[in-house]
Amino acid sequence: VQLQASGGGLVQPGGSLRLSCTASGVYLDYYAVGWFRQAPGKEREGVSCINYTTGSTYYPYSKKGRFTISRDNDKNTVYLEINDLKPEDTAVYYCAIGGLDYGLGIRCERPSGMDYWGQGTQVTVSS
């Protein structure tokens with residue numbers, strides 16, 4: 001199982017980015033796919049998650065509004081669009097997959113419960 005995250009970079013405050021997570025060695029059907037981030041000195045936190053089969057989504061309360069998760073079934077890929085980027089969004093963004101047995105919200109709120117992780121893509125927001 002490989003998860004390839006891409007799309008990060010240096011962005012000015014107020015800008016937008018779309019991150020991609022493409023899976024190989026596994027079909028994402030029947031998985032929860034999540035985006036998580038980890039800033040220096042901070043714990044990894046959930047940003048948003050999607051039930052790849054149904055398309056239902058979950059956003060932790062603090063992440064509602066500027067983040068949008070979506071999927072492309074034909075490409076076995078999940079996207080994360082981030083709008084109105086702020087310096088505090090600076091972090092390494094990871095995608096991960098986990099089972100749906102505990103529900104999408106629990107998977108998103110507890111990164112340690114995910115089963116497979118990608119290598120991460122750096123997002124830096126700075127002027």
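All residue numbers refer to positions in the sequence shown, counting from 1.
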Donor-acceptor under 3.5 Å (Arg107 side chain, Gly99 main chain)
yes
Restricting to non-hydrogen atoms, name the atom on Asn76 and the atom on Val26 that form the minimum distance, rounded to 0.1 Å.
ND2-O, 2.8 Å
With a 4.5 Å cut-off on side-chain heavy-atom distances among I, L, V, M, F, W and Y, is there a chain of contacts connecting Val1 to Tyr27?
no
Out of curiosity, does Leu17 fall in the hydrophobic cluster containing Tyr59 (side-chain heavy atoms, cut-off under 4.5 Å, transitive links)?
yes
To check you understand the geometry: which heavy-atom pair defines the closest contact between Gly34 and Cys49, and what is its length?
CA-SG, 3.6 Å
Considering only heavy atoms from C-beta outward, does the side chain of Arg37 approach that of Phe67 to under 4.5 Å?
yes
Determine the minimum heavy-atom distance between Gly98 and Asp115, stating which atoms define it.
CA-OD2, 3.5 Å
Measure centre to centre between the rings of Trp117 and Phe36, then say whether the value is under 6.0 Å.
yes
For the atom pair OG1 (Thr57) and CG (Leu104), what is the distance rounded to the nearest 0.5 Å?
7.5 Å
Heavy-atom pair of closest approach, residues Leu3 and Tyr116:
CD1-O, 3.5 Å
Testing the 3.5 Å rule here: is there a donor-acceptor pair between the side chains of Gln119 and Tyr94?
no
Evaluate side-chain hydrogen bond (donor to acceptor under 3.5 Å, both in side chains) for Asp72 paired with Thr77, printing each intermediate quantity in order.
CA-CA 5 Å; Asp72 186 329; Thr77 297; over 6 Å; no
Here the gap from Asp89 atom CG to Thr124 atom OG1, rounded to the nearest 0.5 Å, amounts to 11.0 Å
Reference residue Ile69; test side-chain contact (heavy atoms from CB on, under 4.5 Å); the match among Val78, Val33, Leu19
Val78
Pair Ile82-Tyr93, side chain to side chain contact (heavy atoms under 4.5 Å, CB included): steps then yes or no:
CA-CA 11 Å; Ile82 316 172; Tyr93 284 71; 3.9 Å; yes
Is the number of heavy atoms from other residues, nucleotides or ligands under 6.0 Å of Lys75 NZ greater than 12?
no
Side chains of Tyr30 and Tyr52, heavy atoms from C-beta outward: is any pair under 4.5 Å?
no
Can you tell me how far the CD1 atom of Ile50 sits from the OH atom of Tyr58, to the nearest 0.5 Å?
15.0 Å
Roughly how far, to the nearest 0.5 Å, is SG of Cys95 from CH2 of Trp35?
4.5 Å
Looking at Glu43, I'd like to know if its CD atom is crowded, meaning that more than 12 non-hydrogen atoms belonging to other residues, nucleotides or ligands lie closer than 6.0 Å.
no
First locate atom OG of Ser20, then atom CG of Leu80, and finally report the distance between them rounded to the nearest 0.5 Å.
9.5 Å
Could you pull out the closest heavy-atom pair between Arg66 and Leu85, with the gap in Å?
NH1-CA, 4.0 Å
Using 0.5 Å steps for rounding, measure from the OH atom of Tyr102 to the CZ atom of Arg110.
9.5 Å
Check ion pair Lys63-Glu45 (N to O, under 4.0 angstrom)
yes
Show the numbers, then the answer: is there a side chain to side chain contact (heavy atoms under 4.5 Å, CB included) between Thr90 and Gln122?
CA-CA 8 Å; Thr90 296; Gln122 175 71 47; 4.0 Å; yes
With a distance cut-off below 6.0 Å to the six-membered ring centre and an angular limit of 45° from the axis, does Arg71 pair with Tyr79 as a cation-pi contact?
no
Quick one: closest heavy-atom pair of Gly46 and Pro60, and the distance?
O-CG, 3.4 Å
Do Thr121 and Val92 pass the side chain to side chain contact (heavy atoms under 4.5 Å, CB included) test, and can you show the C-alpha distance, the side-chain angles, and the key distance before you say yes or no?
CA-CA 5 Å; Thr121 184; Val92 179; over 6 Å; no
